[in-house]
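The residues of the chain are indexed from 1 along the displayed sequence.
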Amino acid sequence: MDFAVNTALWVLGKALAPVTDGLLESWAASAGLGPNINALKTQLLYAQGMLDNAQGRDIRSPALKELLHNLRELAYGADDVLDKLDYFRIKDALDGTYHAANADDKGYIDGLVLNARHTVRAAANKLKPSCLSEAGRADPDSQEDGVKQRCLSLLRSRGAREISASPSSPTNHGVQEADGGSTPKVVSWARSTERTIGKHFPCYSFPSVQEDDADSDMLETSNMARCGRRSLCGTWPSKAPQRNHAVQTQTQNFDRVEISTKMVEIVEQLKPLCAMVSTILSLELLGSRRNPTQEIAMNRPKTTPNIIEPELYGRNALKKNIIDGITLTGGKYCTNELTVVPLVGPGGIGKTTLTRHIYRELVSSFQVSAWICVSLDFNADRLVQEIVKKIPKVDGEKDNASNQELIEQRLKSKRLLLVLDDVWTYHEDEWKKLLAHLRYNGGEKGHVVIVTTRIPKVASMVTTTNSSIDVERLGDEDIMAFFEVCVFGDQKPWENHTELRDVGKKIVENLKGFPLAAKTVGRLLRNQLTLDHWTRVAESKEWELQTSDNDIMPALKLSYDYLPFHLQQCFSNCALFPEDYEFGSMELVHFWIGLDIVHSRDQVKRTEDVALYYLDELVNHGFFKRNETENGPHYVIHDLLHDLAVKISSYECLSICSSNVRSIQIPASVRHMSIIVDNTDVMDLRSFEDYKSHLSALGKRLKVQNLRTLMLFGEYHGSFAKTLGGLFKEARALRSILLSGASYSVDDVLLNFSELVHLRYLRIKSVLNENICLPNALFRSYHLEFIDLENWFGSFGSTSQMSKLIKLRHFLVPKNKAEVHSSIFEVGKLEFLQELRRFEVGKEAKGFELSQLGELSELGGSLGIYNLEKVQKEDEANVLKLIHKNNLHKLTLGWANSPLNRQAKHEDNVLESLVPHKNLQDLCIEGHRGSKCPSWLGRDLSVENLESLSLRDVSWNKLPPLGDMWFVDDLGVECQGLSSTLSFQCLKTLQLVKIPGLKKWVGNGTCHLFSHLEVIGIEDCPELVELPFSHPTYYQAKQEENMIWFPKLRDLKIIGCRKLSSLPPIPWTPPCSAWIRDVGCEFEKLSYSRNRKKELSLEIKGKGGQNGMLWNVLNFHNLADLKELYMESCPPIPLILLQRLKSLKILRITGMSTVLLLLEGESHRIGCPLLVEYITITKCDANGEELTQQLSYFPKLTGLFIRECKKITGLGVVEHQPTVVAAIPALSPPSSTNKFEHAQDGHNQQQQTRVEDEIESATQGLLLLPPQLQDLRVFLCRAALTLQFTGQRQCKRWVPKPLLPPLVGYR
């Protein structure tokens, strides 16, 4: 019940949000809605205060729950009304219109006209259906005059009554003379009225300006009737002018009468409802004693060490590892100090069962053992008392001894095994207080405490081994075996019930490896072993409905109930996403803020920071699992926790897929909806038509007009665009929209997009189709806070009007579409914008001034400022206020290569003024034509916390403090760069590109930054001759010392430094990737990285020479894990070096000489054998004899690819079997033909001698293949080759046609 109270409070808070700052109230007061807003606000505040008192109390009344639901629905209605009113307030300010009458500023007549206009619009809304229905009952031409007169008559009568009922104004004396007289205003009002009400009729057409001028008395009915060519319900004589009108997106009109009526209705319903809720709450609270958290603690069952499940399924290996770690000398948990071993996993995963089995086997290894069920009541004093009770007494105990003294006496020289089961909370002081009693025992080995918890944060805090033990779900075989025991007991599974096996497998798949889920479903199935019953349970997931403490869903929900309400909201709304969906951190942050469930309560913390904290808390509580990937961390709701989210959120969240579209219950309270289209739903016409019809039928069961969230998933959901468009035609309350896999323009599905005045969050992931476009009305969604188009591959159109979205926080675009940001006109109006990846100074004459950025005080992501050469005055940079943007993470400052007359001193002064905040993490400066580094980046370093620094195409003669650097000026004179006592403390990435004067970067062991650098990129530095890790004079001597300088280096790039002849050893460390090209060495390029299979690969391209010094650049000691080596135009590689590549599996050789391997004396016969399995040889000058010898060093070779090796004239096989065969070229001269003797059976020594003789006798053109070869491919070697096998090997004889590239395939 506490959740119901919190939910109602949250909705009330949302409804009150628009009236908290007074802006809406002031605007509405001038619109004549002040009393209504005040009444609604007062009633909402009363309801909020009433429920505040009920928070945290145990309330059980079902009737109250229903009333709270009704209160929540009314609060949603109030939120819609006030939010819509706020939309029109913003629109009024942006458009410069005055929908609010202001007698002081505009005069009484203007107010009267405005009142009448709103009244007429309301009248038109009421008249429209009846007018249209009348017109539809007969031929339009014959009925036109009658319909027109009825509409006008009703309009005149209702409009006159409204005007006459308008309140008098104290300032109406002499109003006829004000502003030039009242008559023109009334005439103007009449014309405007005709337009206003005419818009609501499809038969209305706008009168021309000329006709307006000709009419002098629009109030006379006779004159209106005489105007035959234009009338409110009349038609144009010709339809052609209508067809030629430009199509415009419909705009929203402010209907004051409608909004006023809704507010009055809500207030009238709130008053009696709040009175009833207040009365019941008063009675309920009198008998309420505990809060829900206390209730959970009181009702938790106490666990014991008694084993309930005699056999442990799927955990034996884990159990053995833990027991060995505790009992074996040198084990991970066997130390002379206190050791805490935490086991963590979600409820129902089997932590307690595993611990019971571990406890039983460990008891004999400890002199004292104790099991305590902690639950939520983690109190050190209570736990110490229980420990004392469970430890046997010893002789000589003092009568008044404290617990501390008793424990010390009883555990002296004894080892304690203590299990703390089901720990929920962690209080550092309480935990230290508990451990203080167990710290020492006077023995050789310390005590062991095993802690079980479902909260990862608790496990990480209590462990003493810097790690916890994750109890994962059971594997498929283990969960099936346990399921069979739960269903069939001691009976043989499936005996006499084979028909149940298939449905049983489907049920087990849904259990996600949770043992407690298997026990729950086992109780449901074991008593009715019939196919009908099992099928019904499988389809309905009936086990999720069980409510016993020993069932799976209550066990999981217990963790959910323990969460604070704001975390409950964040987790439950994730039920809208597909199962096992991988969330990005910012994706979740934006989604939660878009739902308005995350707020910052202070000015220091951004809302995004609060949301990230919530995410961390959900990870710490075990509801999300964090997975590290190349693109950053991703988060997943695993297993049954997603099912839990679906269940607990079902009152407001609905997720539709083909499997549940017909059977799912749809409560009237549903506000958030997702539809998932799987590939199987469109695999055939029948499946498509079935799903389509079921989706169409949803409209009869779903209150679409109440939906606030709509999410569409599936790459083929666009196939149902027309159906979805019809289904959501009336969805006007949407706040959040996510379209994943969109293959259509948004307007095709959301036909009423222009009416979505409440929209906050829009995310579209589209297919690659430039013909699809964004909604025309996107930039009139004034409440929009998030536009996520990072995966949009359609047309962006123009973004010049985006500055109207004054609440926008994030506008995400693809990485290669940063120019979309640069087109925003007057971007300074977006004061809440968090990221602007590209801003071009002076892109247009107006709206692109540098001062625009000064208004963006909340920038917190990336900011790119380009075309800074257009800054005319130095003080313009001061207006930018970069130093105050403390949330900015990445900053790019760019000067373009323009033909403008650029002055170095001016550009120096501009850059000097662009001082960023000290929290900046990533800085890039490019194209600057000044002569020096700015002081804030140099001698007075203020951005010492930078993690990434990129300097591109700058003309400086001094760089930031990066060690000892030397430059050469235009005259060739060397000078030392900047020297400073300050240095970067956290720099991980350094890129130096196009620094023309940089000559030396000298090593300096005292430079602090070297120990942090992870990425170094140096490109196009034509004068560079030395790097700190490649000095030519002490290359070998200083290598080990240099390795200490850069211990974390993981990525090295050196390109276009042609004078740099000495390089660091590659790889610097085993995981350090490298990309080196166009340097002054013996090779053209070198690449060392991981391939698509995540395996280490090395590619080196030489210059065609035979200088073996090329191989000196490789650090073969760090290449032990290399899996693939590609050599092109390189000298022969020494075999002794190749033997160091112990993991090498693939060798690719291109354009090398007659020798592939360099054999130095007898050394090649010593060492590890080459384990290469696959070799490709392309454009090699070696003949068959030479290759035969080289391939004999690869005993594991199973695949060989040969291409364009012209000196190979024939193929043969070195056969260990009694028969040795050869392939002889069909067109070879007789002199090249060889005869091979057939070997006879004999000893192994005789076979080896025969093989060596065969190799020696091979002709130069004949390639003898290794006997273990399984895959042979030969391309473009000879015009024709014949391959024939006899004896025990069989292969088809195949001769290619002349002039065709031959392919010989041997398998």
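Residue pairs meeting the salt bridge (charged side-chain N to carboxylate O under 4.0 Å, His left out) criterion with at least one partner in residues 1187-1202, sequence neighbours excluded, do not occur; the list is empty. For residues 1108-1137, the salt bridge (charged side-chain N to carboxylate O under 4.0 Å, His left out) pairs, not counting sequence neighbours, are Glu1124-Arg1148.
Taking 4.0 Å as the cut-off between side-chain N and carboxylate O, Lys1103 and Glu1084 do not count as a salt-bridged pair.
Residues meeting the side chain to side chain donor-acceptor pair (under 3.5 Å) test with Asp922, sequence neighbours left out: none. Applying the side chain to side chain donor-acceptor pair (under 3.5 Å) rule to Glu1082 yields no partners; only residues at least two apart in sequence or on another chain are considered. Legend: residues meeting side chain to side chain contact (heavy atoms under 4.5 Å, CB included) with Ile1149, ordered by chain and number and at least two apart, are Met1127, Leu1147, Met1152, Leu1156. For Lys332, the salt bridge (charged side-chain N to carboxylate O under 4.0 Å, His left out) criterion is met by no residue, not counting sequence neighbours. Scanning for salt bridge (charged side-chain N to carboxylate O under 4.0 Å, His left out) contacts around Asp1020 gives an empty result, with sequence neighbours left out. Residues forming a side chain to side chain donor-acceptor pair (under 3.5 Å) with Lys1145 (at least two apart in sequence, or on another chain): none. Shown here are the salt bridge (charged side-chain N to carboxylate O under 4.0 Å, His left out) partners of Glu628, two or more places apart in sequence or in another chain: Arg626. Every residue meeting the salt bridge (charged side-chain N to carboxylate O under 4.0 Å, His left out) condition with Lys1094, not counting sequence neighbours, appears here in chain and number order: Glu630. For the side chain to side chain donor-acceptor pair (under 3.5 Å) test, residues two or more places apart in sequence or in another chain that qualify with Lys320 are Asp324. By the ring pair (Phe, Tyr, Trp, His ring centres under 6.0 Å) test, Phe793 is found to be paired with no residue, residues two or more places apart in sequence or in another chain being considered.
Here the rule is side-chain contact (heavy atoms from CB on, under 4.5 Å) with Arg1203, and of Thr1176, Ile1177, Thr1150, Thr1178 only Thr1178 fits it. Each of Thr1188, Asn1183, Val1274 was scored for a side-chain contact (heavy atoms from CB on, under 4.5 Å) with Leu1263, with one residue passing: Thr1188.
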### Query
Can Glu1186 and Lys1207 be said to form a salt bridge (charged side-chain N to carboxylate O under 4.0 Å, His left out), step by step?
CA-CA 10 Å; Glu1186 292 165 336; Lys1207 292 186 179 181; over 6 Å; no
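When atom types are taken as modelled, the side chain of Gln1268 and the backbone of Leu1197 share a donor-acceptor pair closer than 3.5 angstrom. The backbone N or O of Leu1269 lies less than 3.5 Å from no partner atom in the side chain of Thr1198, so there is not a single donor-acceptor pair. Checking side-chain atoms of Asp470 against main-chain N and O of Glu472 turns up no donor-acceptor pair under 3.5 Å. Judged purely by atom type and a 3.5 angstrom limit, Asn1118 uses its side chain to pair as donor or acceptor with the backbone of Trp1068.
With a 6.0 Å cutoff to the six-membered ring centre and a 45° limit on the axis angle, Arg1273 does not count as a cation-pi contact of Phe1201.
For Asp476, the CG atom sits in a loose shell: 12 or fewer heavy atoms of surrounding residues, nucleotides or ligands are nearer than 6.0 Å.
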